[in-house]
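Nothing here was measured: the structure is a model prediction, and the numbers come from that model. Just so you know, these numbers use all the heavy atoms, side chains as well, and skip hydrogens, waters and symmetry mates.
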Amino acid sequence: MKRMVIFLFCFLLMFPFSAFAHPGELDELGGHFRGSDCTYLLHEPTALAKEAKTKEELVQLIQKYNGNERCKRNLTPDRIDLDGHALGGKDGKTTRDNHASNGKSGRLTLRLGRTYPAELVECIDGDTAKFRVNGHVYTTRFLFIDTPESTIQVEPYGKEASRFTCSRLHQGNILLETDGNALFDKYQRLLAWVWVGKRLLQEDLAKAGLVEDFYDYGDYKYEARVRKAYEEAKRTGAGMYGKRAAGEREGAGTETRPQTKEKTAKTDHPPALENKTLERSGHPVLYTLLGLAAAAALYWLIRRLT
């Protein structure tokens, strides 16, 4: 009986460690503290957050409206990650910067409306890849287009879109062009037009019939070009718009989504779930191991004393 009581006590001891692992939901400002290093991430700034014109003013708002007392104690302006958003309602084209740019990371500030040479690091799927720009690796979401899924779930023509994209990117001579009114999406992916040599990858994907939808984070420079290529693919029956492909989609029971900006802006697919969970929760595995170690040490100590 005594051993059972000791075991239960040690088991319950683990819960406080797990409780500190998750930073919680977004606060009234639209952000939260990252548990691993107490960096404040401003994901979806509310009207309240937009009242701040500088990071110093934002610090004061965070001190007032966020309940994480541990992280607030050491909060300074350089520990705030704006996630590509601008403060004070200023024009993003002149004030938005890299969502985590600071002296410690050594990243070069990125700006909207600029073109950057890039090196392919990893192909992810038809509309997402990782590139190295100025020494830093960015998971990059291709602007405007949405190709069929080929990662978490596999949709018809998802693998074809992924192979098409990877084949083009491996040719090298890649340029990323930022555009619209945001550098990063809500999943912290860089948003960019992708040039391979003198060809626009989004346009080539659309012309090959491998774009199923569009999403909208703003007004884009090459939107008309991509839509024209998309309509051409539907007219000529390229890729997923051919008669055979239409039969395959119908047989697979895949629902075709409407081609509307309002719809697709809400359904843009997130990165892998496990990555998002780890980012939002800090280091849950580490905290769990610490809890187990503390429980084992306490159990050993009680055994020695009884």
query = Judged by atom type as modelled, is there a donor-acceptor pair below 3.5 Å linking the side chain of Glu155 to the main-chain atoms of Glu149?
reply = yes
task = Identify whether Leu201 and Ile124 are in the same connected component of the hydrophobic contact network (ILVMFWY, side-chain heavy atoms under 4.5 Å).
result = no
message = Please check this pair: side chain of Ser167 against backbone of Arg163, looking for a donor-acceptor N/O pair closer than 3.5 Å.
response = no
key: Arg114 backbone acceptor or donor facing Thr178 side chain under 3.5 Å   = yes
request  = Test side-chain contact (heavy atoms from CB on, under 4.5 Å) on Thr46 and Glu28 and set out the steps.
outcome  = CA-CA 7 Å; Thr46 62; Glu28 295 183 50; 5.7 Å; no
inquiry  = Would you say the ring centers of Tyr215 and Phe142 fall short of 6.0 Å from each other?
reply    = no
Lys72 side chain vs Gln63 backbone, donor-acceptor pair below 3.5 Å = yes
task = Report the C-alpha separation of Glu231 and Arg235 in whole Å, then their side-chain angles, then the decisive distance to 0.1 Å, and conclude whether the salt bridge (charged side-chain N to carboxylate O under 4.0 Å, His left out) test is met.
result = CA-CA 6 Å; Glu231 294 300 332; Arg235 185 174 61 254; over 6 Å; no
ask   = Within the distance-only criterion (no hydrogens, no angle test), does the side chain of Tyr241 pair as donor or acceptor with the backbone N or O of Tyr230 below 3.5 angstrom?
value = no
task = Could you check Thr76, Asn68, Asp27 and say which one makes a side-chain hydrogen bond (donor to acceptor under 3.5 Å, both in side chains) with Tyr40?
result = Asp27
ask   = So Trp193 and Tyr220, would you call those rings parallel, tilted or perpendicular, with 30° and 60° as cut-offs?
value = perpendicular
message = Using side-chain contact (heavy atoms from CB on, under 4.5 Å), reason through Arg168 and Leu205 one step at a time and then give a plain yes or no.
response = CA-CA 10 Å; Arg168 289 298 177 91; Leu205 278 162; over 6 Å; no
task = Could you pull out all residues at least two apart from Val121 that satisfy side chain to side chain contact (heavy atoms under 4.5 Å, CB included)?
result = Lys130, Arg132, Val137
task = Decide yes or no on salt bridge (charged side-chain N to carboxylate O under 4.0 Å, His left out) for Arg199 and Asp204, but give the supporting numbers first.
result = CA-CA 8 Å; Arg199 301 192 65 86; Asp204 286 347; 2.9 Å; yes
key: Under 3.5 Å donor-acceptor, Gln202 side chain and Val194 backbone   = yes
key: Note, Val211 side chain near Val226 side chain (heavy atom, < 4.5 Å)   = no
message = Tell me whether Lys55 contacts the main-chain N or O of Ile80 through its side chain, where contact means a donor paired with an acceptor under 3.5 Å.
response = yes
task = Indicate the atoms forming the closest heavy-atom contact of Trp195 with Glu177, along with that distance.
result = NE1-OE1, 2.9 Å
query = Between the side chains of Asp125 and Ser150, does any donor sit under 3.5 Å from an acceptor?
reply = no
query = Hey, is the main chain of Leu210 close enough, under 3.5 Å, to the side chain of Thr147 for a donor-acceptor pair?
reply = no
